[in-house]
Amino acid sequence: MAGRFAPRPTRTTVRGGHVPVPRSLDTAQDLDLGLTLGPLRRGPADPTFRATPDGSVWRTGRTPDGAGTLRVRIDGGRAAAEAWGPGADWLLDRLPALLGAEDDPAAFVPRHKLLLATHRRRPGLRLTRTGLVLESLIPSVLEQKVTTNEAYGSWRVLVRKFGEPAPGPAPEGMYVMPDARTWTQIPSWEWHRANVDGKRSATIVRAARVAARLEEAAEMDGPAARRRLELIPGIGPWTSAETIQRSNGAQDEVTTGDLHLPGIVGWALAGDRTTDDEAMLELLAPYAGQRHRAARLILLSGRVPPRRAPRMTPGDIAGL
């Protein structure tokens, strides 16, 4: 459907939320939508995110005002956006932050030839800030100690079953994730069918019960936001970092406790695939204030250590 429907007239959002509210920005000359918004997509079939052949990026969000659908595209060096649903105005008001307006890529000074080359090849990278905590926290919890494909599958099942269809003329199959109350009411057997164990589902339920307090973290600085999230049992440094990198656009927050990242950073910067978290932080110390960007650039460089073992075998909780 994307790119084929006739644009509707410019109007303000009305009750029912089906009238688009176009908005444009002048600061998108070098913006790469795919690189900037890509971290918000949880797998190629994420029902809350879609990139279409016409160059548009669609995403849904559960805003404080309700469900919303956002379509963003680059047109003549300008970022143009439309939104539908009760959350349309909220999404459009925060469009600049979503597209990295609060990010400062000029503050990054490469001190390694690999980072210098990648930084030059990826001038359109911006660090996004959604301003929404729960929508990044829940899929991050689902990714704890399982393969990414398992987590992506669980996210798809839960959003499609307990979420709601995306408002507006969104591409077919797009959904808005459930609200906090719905997450707390998902029966145990539905978590099981979605291939989610009791520990991860309990963590999500605990977080959803205090969603309002967690959403306040979106306005905090990185360390304070992480402390707020880590008050919830089951949320540790890995999950909190993965969350606020997206919700807060945290330029300096590094993911620790990851199975692969220390080895990738160590291999890229020092030729050492056995690097641990402590050594990784030492290697990234020259980029203090921009360590998250440095890690993103390393991942985008494609320089990873050769694989020595088979991939982790996916689990099948639903089949037990």
Side-chain angles (χ1 to χ4, degrees), residues 38-39 42 103 107-116 118-119 125 127-129 133 136-152 197 199-200 203 207 214 217 220-313 315:
R42 305 292 180 156
D103 183 27
F108 181 75
V109 180
R111 301 178 185 277
H112 189 281
K113 62 181 180 180
L114 177 70
L115 287 173
L116 176 62
T118 309
H119 189 49
L125 172 64
L127 301 184
T128 185
R129 178 177 183 174
V133 173
S136 292
L137 175 63
I138 289 175
S140 294
V141 173
L142 292 175
E143 292 173 10
Q144 292 176 351
K145 301 185 183 301
V146 297
T147 65
T148 53
N149 286 338
E150 288 177 85
Y152 293 160
D197 60 80
K199 183 176 181 180
R200 286 180 291 153
T203 299
L214 294 184
M220 299 177 181
D221 62 30
R226 294 185 65 172
R227 287 194 296 270
R228 174 67 63 89
L229 268 58
E230 290 173 20
L231 291 174
I232 306 299
I235 297 178
W238 185 91
T239 306
S240 66
E242 288 288 307
T243 300
I244 69 163
Q245 286 168 2
R246 297 166 171 85
S247 63
N248 294 42
Q251 301 174 14
D252 196 45
E253 296 302 322
V254 185
T255 302
T256 56
D258 191 86
L259 181 62
H260 304 292
L261 185 60
I264 293 173
V265 172
W267 181 260
L269 299 185
D272 182 6
R273 65 183 303 152
T274 65
T275 302
D276 57 15
D277 280 339
E278 183 177 358
M280 175 182 70
L281 294 177
E282 289 181 5
L283 289 171
L284 294 176
Y287 303 102
Q290 293 278 324
R291 294 180 300 172
H292 174 41
R293 185 188 307 280
R296 282 287 312 275
L297 289 171
I298 289 170
L299 293 173
L300 289 171
S301 74
R303 183 174 181 182
V304 297
R307 187 178 296 277
R308 288 183 174 177
R311 293 180 180 272
M312 178 179 175
T313 303

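Given the structure is predicted, the values throughout are model-derived calculations rather than measurements.
- Listed by first and then second residue, the side-chain hydrogen bond (donor to acceptor under 3.5 Å, both in side chains) pairs that reach into residues 285-301 are Asp103-Arg293, Gln251-Gln290, Asp252-Arg291, Gln290-Arg293, sequence neighbours excluded.
- Judged by distance alone, with hydrogens and angles left aside, the side-chain atoms of Glu253 form no donor-acceptor pair with the main-chain N or O of Asn248 at under 3.5 Å.
- Between Thr118 and Ile298 there is no side-chain heavy-atom pair separated by less than 4.5 Å.
- A side-chain donor-acceptor contact under 3.5 Å links Asp197 to the backbone of Lys199.
- Partners of Arg129 by side chain to side chain contact (heavy atoms under 4.5 Å, CB included), not counting sequence neighbours, listed by chain and number: Ala97, Glu102, Glu219.
- Using a 4.5 Å heavy-atom threshold, the side chains of Leu297 and Leu125 count as touching.
- With rounding to the nearest 0.5 Å, the separation of CD1 in Ile244 from OG1 in Thr255 is 9.5 Å.
- Counting heavy atoms from C-beta outward, Leu261 and Leu299 have side chains that approach closer than 4.5 Å.
- Between Arg246 and Ser136, the closest heavy-atom pair is CB-OG, 3.4 Å.
- Taking the side chain to side chain donor-acceptor pair (under 3.5 Å) definition, one finds that Thr256 meets it with nothing, sequence neighbours left out.
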List the steps, then state whether side-chain contact (heavy atoms from CB on, under 4.5 Å) holds for Leu283 with Met280. CA-CA 5 Å; Leu283 289 171; Met280 175 182 70; 5.6 Å; no
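- Looking at heavy atoms from C-beta onward, Thr239 lies out of side-chain contact with Glu242 at the 4.5 angstrom threshold.
- Considering only heavy atoms from C-beta on, Arg226 comes within 4.5 Å of Pro237 through its side chain.
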Without placing hydrogens or testing angles, list every side-chain donor-acceptor pair under 3.5 Å for residues 262-271, not counting sequence neighbours.
none

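- In this structure the side chain of Val146 reaches within 4.5 angstrom of the side chain of Arg200, judged on heavy atoms.
- In this structure Asp272 satisfies the salt bridge (charged side-chain N to carboxylate O under 4.0 Å, His left out) test with no other residue, sequence neighbours excluded.
- Considering CD1 of Ile232 and OG1 of Thr203, their distance stands at 9.5 Å, rounded to 0.5 Å.
- Every residue two or more places apart in sequence or in another chain was checked for a salt bridge (charged side-chain N to carboxylate O under 4.0 Å, His left out) with Glu282, and none qualifies.
- Leu214 CG to Ser247 OG: the interatomic distance, rounded to the nearest 0.5 Å, is 10.0 Å.
- Here the straight-line distance linking atom OH of Tyr152 with atom CG of Leu142 works out to 11.5 Å at 0.5 Å rounding.
- With rounding to the nearest 0.5 Å, the separation of CZ in Arg227 from OG in Ser240 is 11.0 Å.
- Residues Arg42 and Ser140 form a side-chain contact, since some pair of their non-hydrogen atoms from C-beta on lies under 4.5 Å apart.
- In terms of heavy atoms, Ala207 sits closest to Ile235 at CB-CD1, 4.5 Å.
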